[in-house]
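Throughout, protein chains are lettered first and strands after them, A, B, ... in sequence-line order, and every chain is numbered starting at 1.
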Amino acid sequence: MTAVDQTYPHHGSEGRVALADQLRRAERSRKIRAFGLTVPLILFLLITFAIPIAQVLFQGVKNGEMTQIMPGLTEELETWDGQGMPPERVVESFVRDVAAASENQTLARVAKRLNFSISGYRSLLLKTARRLPSPDQSDLLQALVEIDTRWSERRYWTAMKQASPRFTLEYLLTTVDRQFDADGEIVRKPPETSLYLTVLMRTLWISMSVTLICVIIGYPMAYLLATLPAKYSNILLLLLLLPFWTSLLVRTTAWLVLLQNQGVVNDAGIWLGLWEEPLQLIRNRLGVYIAMVHILLPFMVLPIYSVMKGISPFHLKAAASLGARPVRSFLKVYAPQTIAGVGAGSLLVFIITLGFYITPALVGGPGDQMLSYFIAFSANSTVNWGLAAALSLMLMLCVGVFFAFYSRLVGVRSLGTGS
Amino acid sequence: MTLPPYATAGDRIWFYGLRIFCGLTFFFLVAPILVIIPLSFNQDPFFTYPMEGYSLRWYAEIFGDGPLSLLWQRSMVNSVVIAICSTVLATALGTLAALGLNRADFPFKNAIYAFLISPMIVPIVVTAIGMFYFYAQIGLIGSLAGIILAHTAIGVPFVVITVSAALAGFDENLVRAGSIMGAGPMRVFRKVTLPIIFPGVASGGLFAFAASWDEIVIVLFLANAEQHTSPRRMWSGIREHISPTIIAAATLLILLSIVLMLTMEWLRRRSDRMRGITQT
């Protein structure tokens, strides 16, 4: 039964049913065709973008080395409860698997993985592999302890057990400076190996500061742009868009040149008598803030400006006619209407800042590097994909949370740049 | 807006204070870009004013025929090839998808839209390591094709967004009118839809071009020396020692940005005009 049928029950309904059916079918094929147009791009992004990222993020919880390279040992470790010292059969399969792995030259991968859990494990394992006792010997554990006394410590054995399951939380815990102890409890890392919680906090802090500075500077600019006559504001908008279109690398380079000790800014400051000695303006946090605010300011001004453009000037006139002083009418009538623009601009700036890499890397010092830097560093220099992926997950989580706020506030559809 | 004659002292302070503050901010925004342009014509390799004399020697280092110049020139050719190819791909794929998204309602439409613009939201380093990891398995590291595909993905959101915006003001009745008059879907698209949404398509393409042209993080991960783009060459130069040649290259890039920006403004005005016509 169709809606058409129910509405007109006593008209000759066969033709109508056919017509309604046809209509529905046409409508459906229209939908399918519309969806079909999006398919090429969906497939393209899945293959070149989404699947690669998912695959690399998966490395952040994956634990392949032990199962793959030391299958016998992994099996034995599963049956050991991790209490006391490992039983003879575990030690025996350990010796067998280490012998096999060093023959296939795969031991280095396991050594690297275990070194991530306890530093120094790599050299311990490689040293042991060189002087490995025969697996048929009795009291193998004692033989290992004679090679290195660390084999009498339980945590070196539990580390292998913890590295055995297919999935691990170890990399993710490292991003917040936590680790498993010998009993599998989550504990704080010793301060000398702690790093990433500080980096995470620093990333959030820099993003927050840049956002705040951009609001303070950008709000008056947006106000001026929105209230000036079009012939002036169009020119000023071009001036705002010029840095927006200029390459990020070019702008960062410009600041690098200008803020040097012998750069234009220091020269000008000394010439004007503002300061005596060249100030340290780059390779520190100040330089990072200057360059990043410069890059992100347009992203703040444009959303606020477009909201202010939509506020009727009569509101302020009405407030004035009711006797409000300009400051009062601004605070009570105008400002509340701009909150949405400020929110949108702030979230946009915050989200973009979270992922910054190039600018802090060039303008900042070692203490100003953000999460992105350490992701690139783990992937490139130390080739620790697990850690790189776990840090990426962390960054994606931060971006995701704030993007969810953003799409709540203004909707995904309004992500347009300048339009 | 001018000050009314009855303005109080407070109003005056507010009025001029705002203008002075904004003047300083605009100076902060534009000055760094403008200040380094003359430095690229400095005859000495210093970055200070006043300059002793002018010379084109730094541009000669880019356009000459020394070994370093050849590297610069190849990087520019790479940049152009990568940017044009990825712009064409991104514009074609993005326009198609935007047409589909705006033509009919189908399930999960908003989710699909969010997915299509996600390359813009995912931090670039994460994208870069993902692609590096994936391309390493299929042997696309150190190939122009790999970088073009990556830059296409980066450029696609801009096209989807701008074309969707252009289609939002598009009157579907025009398509119906075209079909009634006997034009096939392709013909309607070419003769009716495309001319009207063209400013949106073109500005999406410009954004995609700029995104590829500027991009450096992905290139850092995916390119060998053979595929270095001009930002990548600048990056190596900046990390070692900033030479005026880099400032000269930066100046060339600034000129390109100005051209892109003015083209964009022109398109925007044209689009406003077109909408004025379609609305009446």
Can you tell if the side chain of [X] reaches within under 4.5 Å of the side chain of [Y], non-hydrogen atoms only?
{"X": "Val399(A)", "Y": "Val122(B)", "value": "no"}
{"X": "Ile32(A)", "Y": "Phe106(B)", "value": "no"}
{"X": "Leu29(B)", "Y": "Leu239(A)", "value": "no"}
{"X": "Phe108(B)", "Y": "Phe35(A)", "value": "no"}
{"X": "Tyr373(A)", "Y": "Val125(B)", "value": "no"}

Checking [X] against chain A: side chain, backbone, both or neither under 4.5 Å from a heavy atom?
{"X": "Ile247(B)", "value": "side chain"}
{"X": "Val156(B)", "value": "side chain"}
{"X": "Thr152(B)", "value": "both"}
{"X": "Leu96(B)", "value": "both"}
{"X": "Ile216(B)", "value": "side chain"}
{"X": "Leu39(B)", "value": "side chain"}
{"X": "Leu140(B)", "value": "neither"}
{"X": "Phe115(B)", "value": "both"}
{"X": "Leu93(B)", "value": "both"}
{"X": "Ile238(B)", "value": "side chain"}
{"X": "Glu215(B)", "value": "neither"}
{"X": "Ser118(B)", "value": "both"}
{"X": "Ile154(B)", "value": "neither"}

Please name the pair of heavy atoms, one in [X] and one in [Y], separated by the smallest distance, quoted to 0.1 Å.
{"X": "Phe28(B)", "Y": "Ile290(A)", "answer": "CZ-O, 3.7 Å"}
{"X": "Ile217(A)", "Y": "Phe21(B)", "answer": "O-CE2, 3.7 Å"}
{"X": "Gly94(B)", "Y": "Leu41(A)", "answer": "CA-CD2, 4.1 Å"}
{"X": "Gly355(A)", "Y": "Pro123(B)", "answer": "CA-CB, 4.1 Å"}
{"X": "Val56(A)", "Y": "Gly130(B)", "answer": "CG1-CA, 3.6 Å"}
{"X": "Ser247(A)", "Y": "Asp214(B)", "answer": "CB-OD1, 2.9 Å"}

Could you tell me which portion of [X] (side chain, backbone, both or neither) has an atom closer than 4.5 angstrom to a non-hydrogen atom of chain B?
{"X": "Glu27(A)", "value": "neither"}
{"X": "Leu297(A)", "value": "side chain"}
{"X": "Ala379(A)", "value": "side chain"}
{"X": "Met396(A)", "value": "side chain"}
{"X": "Trp271(A)", "value": "neither"}

Just how far is it from atom [atom1] of [X] to atom [atom2] of [Y], taken to the nearest 0.5 Å?
{"X": "Ile33(B)", "Y": "Trp255(A)", "atom1": "CD1", "atom2": "CH2", "answer": "9.5 Å"}
{"X": "Ile36(B)", "Y": "Leu256(A)", "atom1": "CD1", "atom2": "CG", "answer": "10.5 Å"}
{"X": "Thr38(A)", "Y": "Asn102(B)", "atom1": "OG1", "atom2": "CG", "answer": "11.0 Å"}
{"X": "Leu249(A)", "Y": "Met234(B)", "atom1": "CG", "atom2": "CE", "answer": "4.5 Å"}
{"X": "Trp235(B)", "Y": "Thr253(A)", "atom1": "CH2", "atom2": "OG1", "answer": "10.0 Å"}
{"X": "Arg33(A)", "Y": "Leu99(B)", "atom1": "CZ", "atom2": "CG", "answer": "13.0 Å"}

Kindly indicate, with the supporting measurements, whether the criterion side-chain contact (heavy atoms from CB on, under 4.5 Å) is fulfilled by Met221(A) and Leu18(B). CA-CA 8 Å; Met221(A) 279 179 89; Leu18(B) 179 69; over 6 Å; no
If you count heavy-atom pairs within less than 4.5 Å of chain A, which of Leu89(B), Ile246(B), Thr127(B), Leu256(B) leads? Thr127(B)
Counting heavy-atom pairs under 4.5 Å with chain B, which one of His294(A), Arg251(A), Lys31(A) comes out on top?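 If we count pairs closer than 4.5 Å to chain B, His294(A) comes out on top.
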Decide if the gap between the ring center of Phe209(B) and the ring center of Trp245(A) is smaller than 6.0 angstrom. no
Passes side-chain contact (heavy atoms from CB on, under 4.5 Å), Arg239(B) versus Leu362(A)? Steps please. CA-CA 8 Å; Arg239(B) 297 231 99 178; Leu362(A) 290 177; 4.1 Å; yes
I'd like to know whether OH of Tyr232(A) has more than 12 heavy-atom contacts from other residues, nucleotides or ligands below 6.0 angstrom.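 Atom OH in Tyr232(A) is not crowded, with 12 or fewer foreign heavy atoms closer than 6.0 Å.
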Does CD belonging to Gln262(A) count more than 12 external heavy atoms closer than 6.0 Å?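 Atom CD in Gln262(A) is not packed in, count stays at 12 or less.
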Heavy-atom contacts under 4.5 Å, residues 45-55 of chain A to chain B: Leu45(A), Leu46(A), Ile47(A), Thr48(A), Phe49(A), Ala50(A), Pro52(A), Ile53(A), Gln55(A)
